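Notes follow once the structure below has been shown.
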Amino acid sequence: MISPESEIRGPAQRAVQRLERLVRETGRSEGLEPSGIRVAIAPGRVNLLGGHTDYNEGYVLPVAVDRFVSCAVAVDDSGTIEFHSLDFDDRFTLELARLSNLRGDREEFEQLAGGRQSRWRRYVAGVILEMDEAAVPLASGLVAIAGDVPVGSGLSSSAALEAAIYTAFGTGVQATPEAALLCQRAENRWAGVPCGIMDQFASLLAEQGKALFLDCRRLTYKNVSLPGQSAITVVDSGVRRELADGRYSRRRHEIETALEILRKVAGPIKSLRDLSPGDLAGMEDLLPHTLRKRVEHVVGAIERVPKGVAHLALGEVERFGQLITECHHSLARLYEVSIPELDIIVESALEVDGVFGARLTGAGFGGCCVIFHREGCEEELESAVTEAFEAGFGSGLSFHHLHAASGARLLSEAEISEISESSGS
Ligand code: ADP
Ligand code: MG
């Protein structure tokens, strides 16, 4: 599960080469050497265990994958940061001296980042505003951003973007839980998405070849090794959804309602993390049918994560895989966030020899499934899943064969000069 170095090149190379062109065209940062450029890359992620457990203060087990958003900065002393998005063909400028005004003036922020096409600006400006509020000294300069994390399909391109910005503008300090919280605040406050902490944590703190066992209540974590012969295939259903589309918020609201009811009998439960499946057995009649299903999913999904980590430690990869599949069935039947397209991907994948487990990843309602399998069965997997899917839904699937990558980092000078246009590569 080692990420080939060439995988990071795509987005980082595009960002660096555009940045070099911008420097030449604008005359900003003239005389810049490759060593004057800071380049961050941050990965997307898939979640192997846990699902809608993060905002219930439970456990999750994401893996950072080798698809990245890269942010390249040519620092100067202009007092402004000019951001260019290659993928959205858009740009905007922030004045460092006016960041605190911008924070206090929602209307001005909306003018800057309000349009649908300019949604990416919310995440970028959001991270910068949060960094400024946290008194992180910020450099001015030209910035180019490029990525190859599929957008809006559940691999968390938004967290990869936030982590890339944070890392490029940070002080070089290692990624920390505080950094993940800062990026989450940026998404909550400035992009208006009530996401949990998992995505930012995975994008910043994961390690190569490992999954990240995260306690979303205590924010303690441990990177746990995945078996050497295992691999991850992500299947994009082609069905798009956006976190901001309301259904995710509805699930969160249902959980809040269920908690209010449960508190009346069970006392001060802060979150569903405080309940075990055993506790629930005595409270079944308190909740309306739908809320009971939601709660049952969350409590079971939380319990499955440490169980899975124990299986990994013992090398019981098949039992680990079974838990992944159980999680899908629970998301589908109890939390009701699956759709027929995702179910058919999961069921057809499970028929293939060498597949340990399969599930939807991300919030659901579309997007991707993740399949955890023995290395080497990729071809068979693609044809079995494609055949089953096309029989029901026609074409539109795409497959990504991925490796467990490390979290966000700055590229070394040697790496930058290798991908730089001026080095003639
Ligand atoms: P996801 O599941 O991929 O995180 P979201 O809807 O949460 O989906 O976030 C997607 C948003 O993140 C995009 O609309 C865009 O604003 C931003 N984004 C993702 N990747 C990039 C990129 N390469 N460049 C600029 N913005 C990006
Ligand atoms: Mg997102």
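None of the values given here were measured: they were computed from a predicted structure. Start at 1 and go down the list; that is how both ligands and their atoms are numbered.
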Where ligand 1 meets [X] - atom numbers and elements under 4.0 angstrom, heavy-atom basis:
X	value
Pro150	3 (O)
Trp120	16 (O), 25 (C), 26 (N)
Gly147	23 (N)
Gly152	1 (P), 2 (O), 3 (O), 8 (O)

### Query
Would Ser158 count as a contact for the Mg ion (ligand 2), in the sense that one of its N, O or S atoms lies under 2.8 Å from it?
yes
### Task
Compute the minimum heavy-atom distance from Ala160 to ligand 1 and say whether it is under 4.0 Å.
no
### Query
Judged by non-hydrogen atoms, does Val149 sit under 4.0 Å from ligand 1?
no
### Message
Assess whether a salt bridge exists between Arg252 and Glu256, defined as any Lys/Arg side-chain N lying under 4.0 Å from an Asp/Glu carboxylate O.
### Response
no
#### Entry: Side-chain ion pair, Glu318 and Arg374, N-O less than 4.0 Å
yes
### Query
Sub-3.5 Å donor-acceptor pair from the side chain of Gln184 to the main-chain atoms of Cys195, do we have one?
yes
### Query
Got Leu360 and Phe365 here, is their nearest side-chain heavy-atom distance under 4.5 Å?
no
### Task
For ligand 1, indicate whether the residue Leu161 contacts it via side chain, backbone, both or neither (heavy-atom separation under 4.0 Å).
side chain
## Note on the structure
From the list Asp215, Val309, Thr53, side-chain contact (heavy atoms from CB on, under 4.5 Å) with Tyr59 holds only for Asp215
### Task
Begin with the C-alpha distance, continue with both residues' side-chain angles, and end with the deciding distance and a verdict on ring pair (Phe, Tyr, Trp, His ring centres under 6.0 Å) for Phe213 and Tyr221.
CA-CA 5 Å; Phe213 176 31; Tyr221 66 100; over 10 Å; no
### Task
Would you indicate which of Asp90, Val69, Asp87 comes nearest to atom 24 (N) of ligand 1 when only heavy atoms are counted?
Asp87
### Task
Check the angle between the aromatic planes of Tyr248 and His52 and answer parallel, tilted or perpendicular using the 30° and 60° thresholds.
tilted
### Query
Does an N or O anywhere in Phe88 fall below 3.5 Å from an N or O of ligand 1?
no
